[in-house]
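Take a look at the structure set out below.
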Number of protein chains: 2
Amino acid sequence: MNLVTNPRRERVDAARNRVKILAAAADIVAAHGVEGLSMAEVAAAAGVGVGTLYRRFGDRSGLAYALIDEREREFQEAFIEGPPPLGPGAGVFARISAFLHALTDRTVEQLDLLLMAETAAPFARFGGAYDGYHAHLSMLVTQARPGADAYVLADALLAPLAAPLLAHRLRGCGVTVERVKAGLDDLLAGFAT
Amino acid sequence: MNLVTNPRRERVDAARNRVKILAAAADIVAAHGVEGLSMAEVAAAAGVGVGTLYRRFGDRSGLAYALIDEREREFQEAFIEGPPPLGPGAGVFARISAFLHALTDRTVEQLDLLLMAETAAPFARFGGAYDGYHAHLSMLVTQARPGADAYVLADALLAPLAAPLLAHRLRGCGVTVERVKAGLDDLLAGFAT
DNA sequence: CCCTTAAGCGGAATAAGTTCCGCTTAACCT
DNA sequence: AGGTTAAGCGGAACTTATTCCGCTTAAGGG
């Protein structure tokens, strides 16, 4: 069968390599931190050539995002179709707030990887998970503030969670995660005009 | 006299080299864009060794920030002690809005350099000009919203102007500078609760 | 004017990301 | 099963930022 010519299935050896690479990369990060994540080392640990890494993940930050995505898929599902207040069913403001708080936690959890990924390729986040966050938040903001430029406002709510800023404030300036969340809620409160 | 042991004056050859380097770097950017700004090329064009670049500017992004700062010093003066609405004399909200609009323009003007600088060293902006912006905005927000966490809110107002986000939206998504400014004003409007 | 010293200098050496290209082989068709 | 093809592979080569270190020289005191 299979008349629907799927976009060409991944070859089994390629799939095997992808798993080996991600496992090796995760091990290295666990053992030596993100700084230890060099392309040559990952390739060696996974038993493949560096060319294979690049074919599969594009570049260093692509690898980092792949590592991040593994953990993040369930979060995506949670805010799209999970239980409230993150998922549908709660009021708009509650959902926005819950979403921003959850994303803050997610970002803090993976701060080192995100930092590396955004530093190496600040655009990548925009092609990937960021777009999902932005689309979701746009939708909620549209409901919360009919007539406003939800597209731009969503960016404004997401921007304070950029990894470099967050890392700087949390690690170097004594700001706590709670203050960041409270600040976002404060910003949000203005929407209720 | 000079009893006040100034932090050791810059040697004249060093000063000469700094000027040569910045001039060469500016020329290269003008001619080949930011991508052409490689350390080796700048060194060659300035007639110095690469070691001199690093002694003087720390790293690639340090050089970019130096280039940016040359143009930005007058902006710093404008919002601290210039005429209203940017400088003192106007209402707080008007000043915040004027500041954000002006900073947007500044950022857009130097988008390429900022992009490179932040990519290479996302923290650097925080040690330098960013702190000045943040301190200023914090002060204004404190007046606008007594009792709020002005420190964190100032970050939230500044974050949407991060170069990578701005570049992405302006260049790849059809968002205009006006929409960005309007979005910031919209955010700000919430403060007037 | 000479001496001392530490800032400054140059450029080779190093390190890490990324590209390239000829070889291998899974997948599919007959 | 045998043939065809393009995805996938490996790793040497290349590019660029960054570090290192021995030499040079401006600055200032005697």
Side chain to side chain donor-acceptor pair (under 3.5 Å) pairs touching residues 43-58 of chain B, sequence neighbours excluded, are Glu10(B)-Arg56(B)
On the nucleotide dG10(C), are OP1 or OP2 found under 4.0 Å from the side-chain N or O atoms that Thr52(B) carries? yes
Separation of Phe57(B) atom CZ from dG8(C) atom P, in whole Å? 12 Å
side-chain hydrogen bond (donor to acceptor under 3.5 Å, both in side chains) partners of Asp13(B), counting only residues at least two apart: Arg11(B)
Close approaches to DNA chain C from residues 30-48 of chain B, in residue order (heavy atom, under 4.0 Å): Gly47(B), Val48(B)
Sorted by first residue and then second, give each ring-ring contact (aromatic ring centres under 6.0 Å, His included) pair with at least one member in residues 92-115 of chain B; sequence neighbours left out. Phe79(B)-Phe99(B), Phe99(B)-His136(B)
I need the full list of salt bridge (charged side-chain N to carboxylate O under 4.0 Å, His left out) pairs touching residues 172-192 of chain B, with sequence neighbours left out, sorted by first then second residue. Arg145(A)-Asp186(B), Asp149(A)-Arg179(B), Asp105(B)-Lys181(B)
Does Arg60(B) reach a base, just sugar-phosphate, or nothing at all? Heavy atoms under 4.0 Å. sugar-phosphate
Between Arg56(B) (CZ) and dG11(C) (P), how many Å, whole number? 17 Å
Taken in chain and number order and not counting sequence neighbours, the residues that satisfy side-chain contact (heavy atoms from CB on, under 4.5 Å) with Ala90(A) are Pro84(A), Pro85(A), Ala94(A), Arg95(A)
Using the salt bridge (charged side-chain N to carboxylate O under 4.0 Å, His left out) rule, collect all pairs that involve residues 32-46 of chain B, keeping only residues at least two apart or in two chains. none
Under 4.0 angstrom, heavy atoms only, what part of the nucleic acid is Arg11(B) near: base, sugar-phosphate, or nothing? base
Spacing of Glu118(B) atom CD and Leu115(B) atom CG [to the nearest 0.5 Å]: 7.5 Å
If you take any heavy atom closer than 4.0 Å to DNA chain D, which residues from residues 12-26 of chain A end up in contact? Asp13(A), Ala14(A), Asn17(A)
List for me each residue that meets side-chain contact (heavy atoms from CB on, under 4.5 Å) alongside Val34(A), sequence neighbours excluded, and say none if there are none. Val29(A), Asp112(A), Leu113(A), Met116(A)
Under the side-chain contact (heavy atoms from CB on, under 4.5 Å) rule, collect the residues that match up with Ala25(B), sequence neighbours excluded. Leu37(B), Val42(B), Leu63(B), Leu67(B)
Least distance between heavy atoms, Ala45(B) atom then Ile28(B) atom: CB-CD1, 4.1 Å
Asp59(B), nearest nucleotide to its side chain (from dG28(D), dC9(D), dT18(D)): dT18(D)
Within the sub-3.5 Å range, which N or O atoms of nucleotides 3-5 of chain D have a protein N or O partner, and how far apart are they?
none

Taking CG from Leu53(B) and C1' from dT18(D), how many angstroms apart are they, rounded to a whole number? 11 Å
When rounded to whole Å, the OH to P distance for the pair Tyr54(B) and dA17(D) reads 6 Å
By salt bridge (Lys or Arg N to Asp or Glu O under 4.0 Å), Arg106(A) pairs with (sequence neighbours left out) Glu109(A)
